[in-house]
Amino acid sequence: MRKGSIAENLNSVAARIVAACRAFDRDPDAVTLLAVSKTKPAADLRAAYCAGQRHFGENYLQEALEKQSALADLDIVWHFIGPLQSNKSRDVAEHFHWMHTVDRLKIARRLSEQRPAGLPPLNICLQVNIDDEERKSGVAPAELPALAAKVAELPNLRLRGLMAIPAVRGPGADQRDPFLQMAALLKELKAQLPEQPLDTLSMGMSGDMEAAIASGATIVRIGTDIFGARK
Ligand SMILES: *Cc1c(COP(=O)(O)O)cnc(C)c1O
């Protein structure tokens, strides 16, 4: 990646999204850019905001809460995309608009119970362990229908869709395979739960954004290509 300012980087990522949408017959308005700002200072988020960015993703709660207070004057849409211990769920329920990494009912129940009454329901993506990797979080595809049915019943959550972090394929393999599996899972979920607003596939990062867009991603989560490498 060429090293530019955050505004320049945002422009080039936006251009890549438009180009990928054009190449794969997608509407660019159907793909939301989520700027992943973990480990980056609040000033970097402010710079991105001034360049027009509104959706930000954070992985670590304490760090996220500090940036949220520093940026309280901005109308940012906050997405939590990191692993969450259940004893920390209240902070997500109270301070975020979206939560992408729900993979068990216990967390979902707590988020629904702890969502403050004055706020709209918390938008939820269920994280799927699409490559069945031992070290990765996420519900197994076979267990997804049962989990989704239970989450859909929780009053203060809106079940929006699915999220995944697939393994990186080697050369010669098609990086689209896991993303297409995700799209198929979302389609099955829509048939299972027709009442739910299931419109979201949160997938694609700096290295595999185009493959994700080709396969139907509606939120791409981009860190490095906007803010530069992390330490
Ligand atoms: C860090 C992170 C990203 C962004 O990754 P980049 O390769 O820096 O674009 C996306 N999604 C999740 C869940 C992350 O933790």
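Counting convention: from 1, in listed order, for ligands and their atoms alike. Remember, predicted model here, so these are calculated numbers, not experimental data.
- With ligand atoms numbered from 1 in the order given, ligand 1 contributes 14 (C), 15 (O) to contacts under 4.0 Å with heavy atoms of Asn59.
- For CZ of Arg176, the number of neighbouring non-hydrogen atoms (other residues, nucleotides, ligands) closer than 6.0 Å is 12 at most.
- Between Leu126 and the options Leu144, Asp103, Thr101, a side chain to side chain contact (heavy atoms under 4.5 Å, CB included) holds for only Leu144.
- Taking a 4.0 Å cut-off on heavy atoms, Met209 fails to register as neighbouring ligand 1.
- Phe96 and Phe80 make their closest contact through CD2-N, 3.4 Å (heavy atoms, listed as atom of the first residue, atom of the second, distance).
- Note on Asp131 versus Lys136: no salt bridge recorded, every NZ/NE/NH1/NH2 to OD/OE distance being 4.0 Å or above.
- The shortest non-hydrogen separation linking Pro28 to Val18 is CB-CG2, 4.3 Å.
- Within the 4.0 Å heavy-atom shell around ligand 1 one finds Arg230.
- Set against the non-hydrogen atoms of Met163, the atoms of ligand 1 under 4.0 Å away are 13 (C).
- The Ile165 neighbourhood of ligand 1 comprises atoms 13 (C), with distances under 4.0 Å to a heavy atom of that residue.
- Surrounding CG of Asn87 are more than 12 heavy atoms belonging to other residues, nucleotides or ligands, all under 6.0 Å away.
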After noting the C-alpha distance and the side-chain angles of Glu58 and Ser37, does the key distance pass the side chain to side chain donor-acceptor pair (under 3.5 Å) rule?
CA-CA 6 Å; Glu58 288 282 342; Ser37 41; 2.7 Å; yes
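- Less than 4.0 angstrom separates some heavy atom of Thr224 from each of these atoms of ligand 1: 6 (P), 7 (O), 8 (O), 9 (O).
- For ligand 1, the atoms closer than 4.0 angstrom to any heavy atom of Ile222 are 9 (O).
- In this structure, atom 9 (O) of ligand 1 lies nearest to the protein heavy atom Ser206 OG, 2.5 Å.
- Proximity of Ile81 to ligand 1 is established by a heavy-atom distance of less than 4.0 Å.
- Nearest-residue assignment for atom 14 (C) of ligand 1 (options Met203, Arg221, Lys38, Met205; heavy-atom criterion): Lys38.
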